[in-house]
Amino acid sequence: MQRISQKIVVMGLGYIGLPTASMLATKGHQVLGVDVNEAAVATINSGRIHIIEPDLDILVRSAVNSGNLKASLTPEEGDTFIIAVPTPFMEIEGNPKAPDLTYVEAATRAIVPVLREGNLVILESTSPVGTTELIYKIIIETRPELAGKIHCAHCPERVLPGHILRELVDNDRIIGGLSKAANEQARDLYKSFCNGAILLTDSKTAELSKLVENSFRDVNIAFANELSMICDKLGINVWEMISLANRHPRVNILQPGPGVGGHCIAVDPWFVVAAAPEQARLIRTAREVNDAKPHWVIDKVKAKAARFRDPVIGCLGLTFKANIDDMRESPSFDIVKDLLGQNIGKIMACDPNVQASKVNFPLFDLKQVIKEADILLLLVDHTEFKDIDLDTIKDKVVIDTKGVLR
Ligand code: SAJ
(Lines give C-alpha, C1' and ligand atoms only; values in the text may rest on other atoms or scores of the structure.)
Protein backbone atom coordinates (compact mmCIF):
# COMPACT_ATOMS: atom_id res chain seq x y z
CA MET A 1 0.00 0.00 0.00
CA GLN A 2 1.29 3.47 -0.92
CA ARG A 3 0.96 6.05 1.82
CA ILE A 4 1.65 9.38 0.13
CA SER A 5 -0.84 11.84 1.61
CA GLN A 6 -2.62 14.13 -0.82
CA LYS A 7 -5.21 16.90 -0.79
CA ILE A 8 -8.22 15.40 -2.57
CA VAL A 9 -11.42 17.12 -3.64
CA VAL A 10 -14.40 14.80 -4.14
CA MET A 11 -17.25 16.28 -6.21
CA GLY A 12 -20.57 14.67 -5.18
CA LEU A 13 -21.25 13.16 -1.74
CA GLY A 14 -23.77 10.46 -2.61
CA TYR A 15 -23.62 6.66 -2.53
CA ILE A 16 -20.18 6.64 -4.23
CA GLY A 17 -18.58 9.99 -3.38
CA LEU A 18 -19.21 9.89 0.38
CA PRO A 19 -17.82 6.37 1.02
CA THR A 20 -14.81 7.14 -1.25
CA ALA A 21 -14.12 10.49 0.42
CA SER A 22 -14.38 8.96 3.91
CA MET A 23 -12.19 5.99 2.99
CA LEU A 24 -9.48 8.30 1.59
CA ALA A 25 -9.69 10.49 4.73
CA THR A 26 -9.23 7.51 7.04
CA LYS A 27 -6.14 6.54 5.01
CA GLY A 28 -4.53 9.87 5.88
CA HIS A 29 -5.45 12.03 2.89
CA GLN A 30 -6.85 15.54 3.40
CA VAL A 31 -10.27 15.34 1.77
CA LEU A 32 -12.72 18.08 0.87
CA GLY A 33 -16.10 16.67 -0.13
CA VAL A 34 -18.23 18.99 -2.24
CA ASP A 35 -21.98 18.77 -2.79
CA VAL A 36 -24.72 21.12 -3.99
CA ASN A 37 -27.04 19.86 -1.23
CA GLU A 38 -26.64 22.23 1.74
CA ALA A 39 -28.37 19.88 4.16
CA ALA A 40 -26.07 16.98 3.16
CA VAL A 41 -22.97 19.17 3.66
CA ALA A 42 -24.15 20.22 7.14
CA THR A 43 -25.04 16.64 8.11
CA ILE A 44 -21.63 15.30 7.04
CA ASN A 45 -19.74 18.11 8.81
CA SER A 46 -21.52 17.09 12.00
CA GLY A 47 -20.19 13.52 11.52
CA ARG A 48 -23.53 12.04 10.41
CA ILE A 49 -24.84 10.70 7.10
CA HIS A 50 -27.81 11.50 4.84
CA ILE A 51 -28.01 8.13 3.04
CA ILE A 52 -28.42 4.55 4.24
CA GLU A 53 -25.54 2.12 3.78
CA PRO A 54 -24.23 -0.42 6.32
CA ASP A 55 -21.35 0.91 8.47
CA LEU A 56 -21.01 4.14 6.47
CA ASP A 57 -22.06 6.15 9.55
CA ILE A 58 -19.08 4.78 11.52
CA LEU A 59 -16.62 5.49 8.69
CA VAL A 60 -17.88 9.06 8.15
CA ARG A 61 -17.83 9.81 11.88
CA SER A 62 -14.27 8.63 12.20
CA ALA A 63 -13.18 10.51 9.03
CA VAL A 64 -14.76 13.77 10.25
CA ASN A 65 -13.46 13.36 13.81
CA SER A 66 -9.92 12.80 12.49
CA GLY A 67 -10.11 16.26 10.90
CA ASN A 68 -9.26 14.76 7.48
CA LEU A 69 -12.76 15.01 5.99
CA LYS A 70 -14.63 18.27 5.54
CA ALA A 71 -17.70 18.96 3.41
CA SER A 72 -18.35 22.17 1.51
CA LEU A 73 -20.56 23.69 -1.16
CA THR A 74 -17.55 24.88 -3.17
CA PRO A 75 -14.28 23.25 -4.26
CA GLU A 76 -10.80 24.44 -3.35
CA GLU A 77 -7.32 23.81 -4.75
CA GLY A 78 -5.98 20.27 -4.33
CA ASP A 79 -3.79 17.56 -5.87
CA THR A 80 -6.50 15.23 -7.13
CA PHE A 81 -10.17 15.82 -8.02
CA ILE A 82 -12.66 12.93 -8.08
CA ILE A 83 -15.99 13.44 -9.85
CA ALA A 84 -18.73 11.16 -8.46
CA VAL A 85 -22.02 12.74 -9.53
CA PRO A 86 -25.11 11.12 -11.09
CA THR A 87 -25.39 10.36 -14.82
CA PRO A 88 -29.11 9.71 -15.43
CA PHE A 89 -30.80 9.63 -18.84
CA MET A 90 -33.05 12.22 -20.42
CA GLU A 91 -34.85 12.85 -23.72
CA ILE A 92 -32.48 14.47 -26.22
CA GLU A 93 -33.38 15.00 -29.89
CA GLY A 94 -36.05 12.29 -29.99
CA ASN A 95 -34.02 9.74 -27.99
CA PRO A 96 -35.89 9.30 -24.66
CA LYS A 97 -32.96 7.44 -23.06
CA ALA A 98 -29.97 9.64 -23.95
CA PRO A 99 -27.23 10.12 -21.33
CA ASP A 100 -27.63 13.30 -19.30
CA LEU A 101 -24.17 14.75 -18.61
CA THR A 102 -25.44 17.92 -16.96
CA TYR A 103 -24.05 17.01 -13.51
CA VAL A 104 -20.66 15.84 -14.82
CA GLU A 105 -20.28 19.02 -16.85
CA ALA A 106 -21.34 21.24 -13.93
CA ALA A 107 -18.89 19.48 -11.55
CA THR A 108 -16.10 19.88 -14.10
CA ARG A 109 -16.84 23.59 -14.64
CA ALA A 110 -16.88 24.08 -10.84
CA ILE A 111 -13.31 22.77 -10.46
CA VAL A 112 -11.82 24.48 -13.54
CA PRO A 113 -10.95 27.77 -11.72
CA VAL A 114 -9.03 25.97 -8.92
CA LEU A 115 -7.05 23.52 -11.11
CA ARG A 116 -3.24 23.73 -11.16
CA GLU A 117 -0.53 22.26 -13.37
CA GLY A 118 0.05 18.56 -12.54
CA ASN A 119 -3.43 18.00 -11.05
CA LEU A 120 -5.22 14.72 -11.66
CA VAL A 121 -8.95 14.73 -12.46
CA ILE A 122 -10.67 11.34 -12.03
CA LEU A 123 -14.15 10.60 -13.35
CA GLU A 124 -15.80 7.86 -11.25
CA SER A 125 -19.38 8.42 -12.46
CA THR A 126 -20.61 5.76 -14.88
CA SER A 127 -20.41 7.61 -18.18
CA PRO A 128 -20.87 7.24 -21.92
CA VAL A 129 -17.78 6.52 -24.01
CA GLY A 130 -15.86 9.76 -24.62
CA THR A 131 -16.80 11.54 -21.37
CA THR A 132 -13.25 11.59 -19.94
CA GLU A 133 -12.08 13.27 -23.15
CA LEU A 134 -15.00 15.71 -22.84
CA ILE A 135 -13.89 16.67 -19.31
CA TYR A 136 -10.38 17.43 -20.56
CA LYS A 137 -11.85 19.51 -23.40
CA ILE A 138 -14.03 21.54 -21.00
CA ILE A 139 -10.99 22.25 -18.80
CA ILE A 140 -8.74 23.28 -21.68
CA GLU A 141 -11.40 25.48 -23.30
CA THR A 142 -11.44 27.74 -20.23
CA ARG A 143 -7.81 27.25 -19.12
CA PRO A 144 -5.81 26.75 -22.38
CA GLU A 145 -2.55 27.27 -20.44
CA LEU A 146 -3.19 23.87 -18.78
CA ALA A 147 -3.13 21.94 -22.10
CA GLY A 148 -0.92 18.86 -21.64
CA LYS A 149 -0.40 19.77 -17.96
CA ILE A 150 -3.61 18.31 -16.48
CA HIS A 151 -4.08 14.56 -16.15
CA CYS A 152 -7.52 12.99 -16.62
CA ALA A 153 -8.62 9.38 -16.05
CA HIS A 154 -11.79 7.35 -15.78
CA CYS A 155 -11.94 5.01 -12.80
CA PRO A 156 -15.47 3.60 -12.79
CA GLU A 157 -17.05 2.76 -9.45
CA ARG A 158 -18.19 -0.88 -9.25
CA VAL A 159 -19.49 -1.24 -5.69
CA LEU A 160 -22.75 -2.99 -4.86
CA PRO A 161 -25.19 -0.96 -2.74
CA GLY A 162 -25.50 -2.72 0.62
CA HIS A 163 -21.84 -3.89 0.42
CA ILE A 164 -20.17 -0.64 -0.59
CA LEU A 165 -17.45 -0.45 2.08
CA ARG A 166 -16.24 -4.01 1.57
CA GLU A 167 -16.33 -3.78 -2.23
CA LEU A 168 -14.59 -0.38 -2.22
CA VAL A 169 -11.55 -2.07 -0.68
CA ASP A 170 -11.71 -5.55 -2.25
CA ASN A 171 -12.91 -5.03 -5.83
CA ASP A 172 -10.45 -4.80 -8.70
CA ARG A 173 -10.34 -1.30 -10.21
CA ILE A 174 -10.05 -0.29 -13.84
CA ILE A 175 -8.21 2.94 -14.61
CA GLY A 176 -8.44 4.44 -18.07
CA GLY A 177 -6.24 7.51 -18.35
CA LEU A 178 -5.82 9.95 -21.21
CA SER A 179 -2.05 9.58 -20.69
CA LYS A 180 0.49 7.26 -19.07
CA ALA A 181 1.08 9.85 -16.34
CA ALA A 182 -2.66 9.99 -15.57
CA ASN A 183 -2.75 6.21 -15.24
CA GLU A 184 0.27 6.13 -12.94
CA GLN A 185 -0.97 8.94 -10.67
CA ALA A 186 -4.44 7.38 -10.40
CA ARG A 187 -2.97 3.94 -9.70
CA ASP A 188 -0.91 5.33 -6.81
CA LEU A 189 -3.98 6.97 -5.30
CA TYR A 190 -6.23 3.87 -5.49
CA LYS A 191 -3.42 1.73 -4.09
CA SER A 192 -3.72 3.75 -0.88
CA PHE A 193 -7.01 2.02 -0.01
CA CYS A 194 -7.74 -0.70 -2.58
CA ASN A 195 -6.65 -4.32 -2.04
CA GLY A 196 -7.91 -5.46 -5.46
CA ALA A 197 -5.86 -5.47 -8.66
CA ILE A 198 -5.49 -2.10 -10.38
CA LEU A 199 -5.89 -2.58 -14.12
CA LEU A 200 -4.63 0.13 -16.47
CA THR A 201 -6.13 0.85 -19.88
CA ASP A 202 -7.30 3.81 -21.98
CA SER A 203 -10.31 5.97 -21.08
CA LYS A 204 -12.73 4.68 -23.74
CA THR A 205 -12.10 1.03 -22.88
CA ALA A 206 -12.63 1.80 -19.18
CA GLU A 207 -15.86 3.68 -19.93
CA LEU A 208 -17.29 0.87 -22.06
CA SER A 209 -16.25 -1.91 -19.68
CA LYS A 210 -18.24 -0.33 -16.85
CA LEU A 211 -21.31 0.04 -19.07
CA VAL A 212 -20.88 -3.53 -20.29
CA GLU A 213 -20.67 -4.97 -16.76
CA ASN A 214 -24.12 -3.61 -15.97
CA SER A 215 -25.46 -4.52 -19.42
CA PHE A 216 -24.22 -8.10 -18.91
CA ARG A 217 -26.22 -8.31 -15.70
CA ASP A 218 -29.28 -6.72 -17.31
CA VAL A 219 -29.22 -9.17 -20.24
CA ASN A 220 -28.92 -12.10 -17.84
CA ILE A 221 -31.76 -10.87 -15.63
CA ALA A 222 -33.88 -10.38 -18.77
CA PHE A 223 -33.24 -14.03 -19.62
CA ALA A 224 -34.48 -15.05 -16.15
CA ASN A 225 -37.52 -12.74 -16.44
CA GLU A 226 -38.36 -14.18 -19.85
CA LEU A 227 -38.10 -17.70 -18.40
CA SER A 228 -40.51 -16.74 -15.60
CA MET A 229 -43.14 -15.76 -18.17
CA ILE A 230 -42.54 -18.88 -20.28
CA CYS A 231 -42.85 -21.07 -17.17
CA ASP A 232 -46.02 -19.30 -16.08
CA LYS A 233 -47.57 -20.05 -19.48
CA LEU A 234 -46.50 -23.70 -19.30
CA GLY A 235 -47.48 -24.23 -15.64
CA ILE A 236 -43.89 -24.90 -14.52
CA ASN A 237 -42.27 -23.60 -11.32
CA VAL A 238 -39.55 -21.28 -12.65
CA TRP A 239 -37.54 -21.30 -9.40
CA GLU A 240 -37.25 -25.05 -9.34
CA MET A 241 -36.51 -25.20 -13.06
CA ILE A 242 -33.69 -22.59 -12.77
CA SER A 243 -32.14 -24.29 -9.76
CA LEU A 244 -32.09 -27.57 -11.70
CA ALA A 245 -30.65 -25.98 -14.85
CA ASN A 246 -27.98 -24.28 -12.70
CA ARG A 247 -26.70 -27.71 -11.65
CA HIS A 248 -25.07 -27.87 -15.08
CA PRO A 249 -21.39 -26.92 -14.60
CA ARG A 250 -21.50 -24.12 -17.17
CA VAL A 251 -24.99 -22.69 -16.54
CA ASN A 252 -25.64 -19.88 -14.04
CA ILE A 253 -29.08 -18.34 -14.61
CA LEU A 254 -29.96 -15.33 -12.45
CA GLN A 255 -33.25 -14.87 -10.59
CA PRO A 256 -36.46 -13.43 -12.06
CA GLY A 257 -38.24 -10.61 -10.26
CA PRO A 258 -40.84 -7.87 -10.75
CA GLY A 259 -38.45 -6.00 -13.10
CA VAL A 260 -35.05 -4.36 -12.78
CA GLY A 261 -34.56 -1.30 -10.62
CA GLY A 262 -31.89 0.96 -9.21
CA HIS A 263 -30.02 3.80 -10.79
CA CYS A 264 -27.40 1.66 -12.56
CA ILE A 265 -28.55 -1.52 -14.27
CA ALA A 266 -31.83 -0.03 -15.46
CA VAL A 267 -29.96 3.00 -16.86
CA ASP A 268 -26.44 2.17 -18.06
CA PRO A 269 -27.35 -0.23 -20.91
CA TRP A 270 -29.18 2.66 -22.58
CA PHE A 271 -25.83 4.49 -22.86
CA VAL A 272 -24.52 1.62 -24.98
CA VAL A 273 -27.72 1.63 -27.06
CA ALA A 274 -27.45 5.41 -27.54
CA ALA A 275 -23.84 5.06 -28.74
CA ALA A 276 -24.42 2.15 -31.16
CA PRO A 277 -28.19 1.77 -31.75
CA GLU A 278 -27.90 -0.51 -34.79
CA GLN A 279 -25.44 -2.89 -33.15
CA ALA A 280 -26.79 -3.04 -29.58
CA ARG A 281 -29.88 -5.11 -30.45
CA LEU A 282 -29.64 -7.68 -27.65
CA ILE A 283 -28.87 -5.02 -25.03
CA ARG A 284 -31.90 -2.96 -26.12
CA THR A 285 -34.19 -6.00 -26.14
CA ALA A 286 -33.06 -7.00 -22.65
CA ARG A 287 -33.95 -3.52 -21.39
CA GLU A 288 -37.35 -3.81 -23.04
CA VAL A 289 -37.98 -7.28 -21.54
CA ASN A 290 -37.05 -6.06 -18.05
CA ASP A 291 -39.06 -2.84 -18.40
CA ALA A 292 -42.10 -4.87 -19.52
CA LYS A 293 -42.04 -7.21 -16.52
CA PRO A 294 -43.85 -4.83 -14.09
CA HIS A 295 -46.76 -4.57 -16.58
CA TRP A 296 -46.94 -8.36 -16.74
CA VAL A 297 -47.12 -8.46 -12.91
CA ILE A 298 -49.87 -5.82 -12.87
CA ASP A 299 -51.91 -7.84 -15.40
CA LYS A 300 -51.50 -10.95 -13.20
CA VAL A 301 -52.83 -9.05 -10.16
CA LYS A 302 -55.77 -7.66 -12.15
CA ALA A 303 -56.70 -11.13 -13.41
CA LYS A 304 -56.66 -12.58 -9.88
CA ALA A 305 -58.50 -9.58 -8.40
CA ALA A 306 -61.30 -9.96 -10.95
CA ARG A 307 -62.30 -13.21 -9.22
CA PHE A 308 -63.16 -11.34 -5.98
CA ARG A 309 -65.98 -8.91 -5.20
CA ASP A 310 -63.95 -6.41 -3.07
CA PRO A 311 -60.45 -7.83 -2.90
CA VAL A 312 -57.85 -6.67 -0.42
CA ILE A 313 -54.46 -6.78 -2.12
CA GLY A 314 -51.41 -6.79 0.13
CA CYS A 315 -48.26 -5.56 -1.64
CA LEU A 316 -45.05 -6.63 0.08
CA GLY A 317 -42.06 -4.42 -0.74
CA LEU A 318 -41.39 -1.07 -2.40
CA THR A 319 -37.60 -0.84 -2.71
CA PHE A 320 -35.58 -1.82 -5.78
CA LYS A 321 -33.99 -4.78 -4.02
CA ALA A 322 -33.88 -6.58 -0.68
CA ASN A 323 -32.92 -5.07 2.68
CA ILE A 324 -32.31 -1.50 1.53
CA ASP A 325 -34.48 1.65 1.68
CA ASP A 326 -33.70 2.85 -1.87
CA MET A 327 -36.76 3.22 -4.13
CA ARG A 328 -34.98 4.78 -7.13
CA GLU A 329 -36.26 3.27 -10.42
CA SER A 330 -37.95 0.59 -8.30
CA PRO A 331 -40.32 -1.65 -10.29
CA SER A 332 -42.04 -2.64 -7.02
CA PHE A 333 -42.83 0.98 -6.21
CA ASP A 334 -44.13 1.55 -9.76
CA ILE A 335 -46.33 -1.56 -9.55
CA VAL A 336 -47.88 -0.44 -6.25
CA LYS A 337 -48.45 3.10 -7.56
CA ASP A 338 -50.13 1.68 -10.65
CA LEU A 339 -52.37 -0.68 -8.63
CA LEU A 340 -53.40 2.19 -6.35
CA GLY A 341 -54.77 3.98 -9.42
CA GLN A 342 -56.59 0.95 -10.86
CA ASN A 343 -59.73 0.80 -8.68
CA ILE A 344 -59.54 -3.01 -8.44
CA GLY A 345 -59.76 -3.31 -4.65
CA LYS A 346 -58.14 -2.13 -1.44
CA ILE A 347 -54.35 -1.90 -1.80
CA MET A 348 -52.33 -2.38 1.41
CA ALA A 349 -48.68 -1.51 0.81
CA CYS A 350 -46.07 -2.70 3.29
CA ASP A 351 -42.30 -2.20 3.47
CA PRO A 352 -40.48 -2.46 6.81
CA ASN A 353 -37.47 -0.56 5.37
CA VAL A 354 -39.41 2.46 4.08
CA GLN A 355 -40.47 5.36 6.29
CA ALA A 356 -44.12 6.42 5.88
CA SER A 357 -42.97 10.00 5.17
CA LYS A 358 -41.12 8.83 2.02
CA VAL A 359 -44.33 7.84 0.17
CA ASN A 360 -47.61 9.63 -0.52
CA PHE A 361 -49.86 6.65 0.23
CA PRO A 362 -50.53 4.73 3.47
CA LEU A 363 -48.18 1.98 4.61
CA PHE A 364 -49.43 -0.96 6.67
CA ASP A 365 -47.84 -3.24 9.20
CA LEU A 366 -46.93 -6.73 7.91
CA LYS A 367 -49.12 -8.53 10.46
CA GLN A 368 -52.16 -6.47 9.49
CA VAL A 369 -51.55 -7.07 5.78
CA ILE A 370 -51.26 -10.83 6.31
CA LYS A 371 -54.45 -10.79 8.37
CA GLU A 372 -56.57 -8.78 5.93
CA ALA A 373 -55.30 -9.54 2.41
CA ASP A 374 -57.11 -11.84 0.00
CA ILE A 375 -54.27 -11.54 -2.48
CA LEU A 376 -50.63 -11.26 -1.41
CA LEU A 377 -48.27 -9.77 -3.98
CA LEU A 378 -44.64 -10.30 -2.96
CA LEU A 379 -42.38 -7.78 -4.72
CA VAL A 380 -39.14 -7.64 -2.70
CA ASP A 381 -37.31 -10.45 -0.91
CA HIS A 382 -36.73 -8.52 2.34
CA THR A 383 -35.72 -10.78 5.24
CA GLU A 384 -38.99 -9.99 7.08
CA PHE A 385 -40.98 -11.42 4.15
CA LYS A 386 -38.80 -14.52 3.85
CA ASP A 387 -39.65 -15.23 7.49
CA ILE A 388 -43.43 -15.25 6.92
CA ASP A 389 -44.98 -18.44 8.35
CA LEU A 390 -46.47 -20.15 5.29
CA ASP A 391 -49.30 -21.58 7.41
CA THR A 392 -50.60 -18.03 7.98
CA ILE A 393 -51.06 -17.41 4.24
CA LYS A 394 -52.18 -20.82 3.00
CA ASP A 395 -55.73 -19.63 2.24
CA LYS A 396 -54.63 -16.60 0.23
CA VAL A 397 -53.92 -16.11 -3.44
CA VAL A 398 -50.16 -15.54 -3.58
CA ILE A 399 -48.36 -13.85 -6.47
CA ASP A 400 -44.71 -14.25 -5.60
CA THR A 401 -42.42 -12.38 -8.00
CA LYS A 402 -39.25 -13.36 -6.08
CA GLY A 403 -39.94 -17.01 -5.29
CA VAL A 404 -39.58 -16.70 -1.51
CA LEU A 405 -43.05 -17.82 -0.32
CA ARG A 406 -42.64 -21.40 -1.46
N1 SAJ B 1 -32.06 -8.44 -9.92
C2 SAJ B 1 -32.90 -9.44 -10.38
N3 SAJ B 1 -32.42 -10.72 -10.44
C4 SAJ B 1 -31.15 -11.02 -10.08
C5 SAJ B 1 -30.28 -10.00 -9.62
C6 SAJ B 1 -30.78 -8.70 -9.56
O7 SAJ B 1 -34.08 -9.21 -10.72
O8 SAJ B 1 -30.80 -12.22 -10.15
C9 SAJ B 1 -32.58 -7.05 -9.85
C10 SAJ B 1 -32.59 -6.48 -8.43
O11 SAJ B 1 -33.74 -6.88 -7.74
C12 SAJ B 1 -32.55 -4.99 -8.72
C13 SAJ B 1 -31.69 -4.89 -9.99
O14 SAJ B 1 -31.68 -6.21 -10.54
O15 SAJ B 1 -33.84 -4.50 -9.01
C16 SAJ B 1 -30.26 -4.44 -9.77
O17 SAJ B 1 -29.73 -5.01 -8.56
P18 SAJ B 1 -28.24 -5.57 -8.45
O19 SAJ B 1 -28.06 -6.04 -7.07
O20 SAJ B 1 -27.97 -6.55 -9.53
O21 SAJ B 1 -27.30 -4.33 -8.80
P22 SAJ B 1 -27.19 -2.79 -8.29
O23 SAJ B 1 -27.96 -1.94 -9.24
O24 SAJ B 1 -27.49 -2.66 -6.85
O25 SAJ B 1 -25.60 -2.56 -8.50
C26 SAJ B 1 -25.02 -2.76 -9.79
C27 SAJ B 1 -23.78 -3.66 -9.65
N28 SAJ B 1 -23.34 -4.10 -10.97
C29 SAJ B 1 -23.14 -5.42 -11.25
O30 SAJ B 1 -23.35 -6.31 -10.45
C31 SAJ B 1 -22.63 -5.74 -12.61
C32 SAJ B 1 -22.68 -2.90 -8.93
O33 SAJ B 1 -21.49 -3.67 -8.88
C34 SAJ B 1 -22.41 -1.56 -9.64
O35 SAJ B 1 -21.39 -0.81 -8.99
C36 SAJ B 1 -23.69 -0.77 -9.59
O37 SAJ B 1 -24.69 -1.49 -10.34
C38 SAJ B 1 -23.43 0.59 -10.22
O39 SAJ B 1 -23.29 1.57 -9.46
O40 SAJ B 1 -23.28 0.67 -11.45
Side-chain angles (χ1 to χ4, degrees), residues 12 14-20 51-54 84-89 99 123-128 154-168 170-174 196 206-229 238-239 242-243 245-246 251-272 283 286-287 289-294 296-297 317-335 353 378-382 385 400-404:
Y15 284 90
I16 302 304
L18 183 56
T20 306
I51 50 179
I52 296 206
E53 174 63 29
V85 294
T87 44
F89 54 58
L123 173 68
E124 281 216 13
S125 314
T126 306
S127 302
H154 183 45
C155 181
E157 60 84 9
R158 305 163 109 185
V159 289
L160 192 69
H163 302 268
I164 290 180
L165 298 193
R166 180 171 52 77
E167 293 210 351
L168 204 52
D170 290 343
N171 285 1
D172 294 347
R173 295 294 299 231
I174 298 171
E207 286 157 348
L208 188 61
S209 43
K210 166 64 203 230
L211 298 175
V212 162
E213 288 161 21
N214 281 353
S215 303
F216 172 87
R217 197 146 167 90
D218 197 47
V219 168
N220 282 279
I221 298 169
F223 183 66
N225 277 333
E226 186 163 297
L227 292 179
S228 73
M229 295 183 278
V238 66
W239 317 101
I242 287 177
S243 80
N246 281 347
V251 174
N252 185 12
I253 303 168
L254 294 181
Q255 299 298 303
V260 169
H263 37 289
C264 308
I265 294 187
V267 176
D268 301 348
W270 288 120
F271 295 1
V272 183
I283 295 173
R287 271 290 63 246
V289 168
N290 286 332
D291 275 354
K293 189 72 192 289
W296 184 87
V297 174
L318 292 168
T319 57
F320 88 81
K321 63 179 184 178
N323 303 326
I324 57 168
D325 69 334
D326 193 338
M327 292 184 286
R328 284 179 290 176
E329 313 282 334
S330 168
S332 309
F333 181 84
D334 291 345
I335 289 168
N353 289 357
L378 186 126
L379 294 165
V380 184
D381 46 345
H382 288 318
F385 302 152
D400 180 0
T401 69
K402 296 296 284 184
V404 300

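Note that ligands are numbered from 1 as they come in the structure, with each ligand's atoms numbered from 1 the same way. In this text the structure is predicted, and so the values were computed from the model without any measurement.
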Legend entry - Atom CD of Glu213: over 12 foreign heavy atoms under 6.0 Å: yes

Legend entry - Ser332 side chain vs Leu318 backbone, donor-acceptor pair below 3.5 Å: no

Inset, instruction - Check the surroundings of atom CZ in Phe89: do more than 12 heavy atoms from other residues, nucleotides or ligands lie under 6.0 Å from it? - result: yes

Distances under 3.5 Å, N/O of ligand 1 against N/O of the protein: list each pair and its distance.
unit_1: ligand 1; atom_1: 3 (N); unit_2: Gln255; atom_2: O; d: 2.7
unit_1: ligand 1; atom_1: 8 (O); unit_2: Gln255; atom_2: N; d: 2.9
unit_1: ligand 1; atom_1: 8 (O); unit_2: Gln255; atom_2: O; d: 3.4
unit_1: ligand 1; atom_1: 11 (O); unit_2: Phe320; atom_2: O; d: 3.3
unit_1: ligand 1; atom_1: 15 (O); unit_2: Gly261; atom_2: N; d: 2.9
unit_1: ligand 1; atom_1: 15 (O); unit_2: Phe320; atom_2: O; d: 2.7
unit_1: ligand 1; atom_1: 19 (O); unit_2: Lys321; atom_2: NZ; d: 2.9
unit_1: ligand 1; atom_1: 20 (O); unit_2: Arg217; atom_2: NE; d: 2.6
unit_1: ligand 1; atom_1: 20 (O); unit_2: Arg217; atom_2: NH2; d: 3.2
unit_1: ligand 1; atom_1: 24 (O); unit_2: Lys321; atom_2: NZ; d: 2.8
unit_1: ligand 1; atom_1: 28 (N); unit_2: Asn214; atom_2: OD1; d: 2.8
unit_1: ligand 1; atom_1: 33 (O); unit_2: Arg158; atom_2: O; d: 2.8
unit_1: ligand 1; atom_1: 35 (O); unit_2: Glu157; atom_2: OE1; d: 3.3
unit_1: ligand 1; atom_1: 35 (O); unit_2: Arg158; atom_2: O; d: 3.2
unit_1: ligand 1; atom_1: 35 (O); unit_2: Val159; atom_2: N; d: 3.1
unit_1: ligand 1; atom_1: 35 (O); unit_2: Val159; atom_2: O; d: 2.7
unit_1: ligand 1; atom_1: 39 (O); unit_2: Glu157; atom_2: OE1; d: 3.4
unit_1: ligand 1; atom_1: 39 (O); unit_2: Glu157; atom_2: OE2; d: 2.5
unit_1: ligand 1; atom_1: 40 (O); unit_2: Lys210; atom_2: NZ; d: 2.6
unit_1: ligand 1; atom_1: 40 (O); unit_2: Asn214; atom_2: ND2; d: 2.7

Legend entry - Contact summary for Val297 and Leu379, nearest pair of heavy atoms: CG1-CD2, 4.4 Å

Inset, instruction - Compute whether any side-chain donor of one residue and acceptor of the other, for Thr401 and Lys293, lie under 3.5 angstrom apart. - result: no

Inset, instruction - Could you pull out all residues at least two apart from Phe385 that satisfy ring pair (Phe, Tyr, Trp, His ring centres under 6.0 Å)? - result: His382

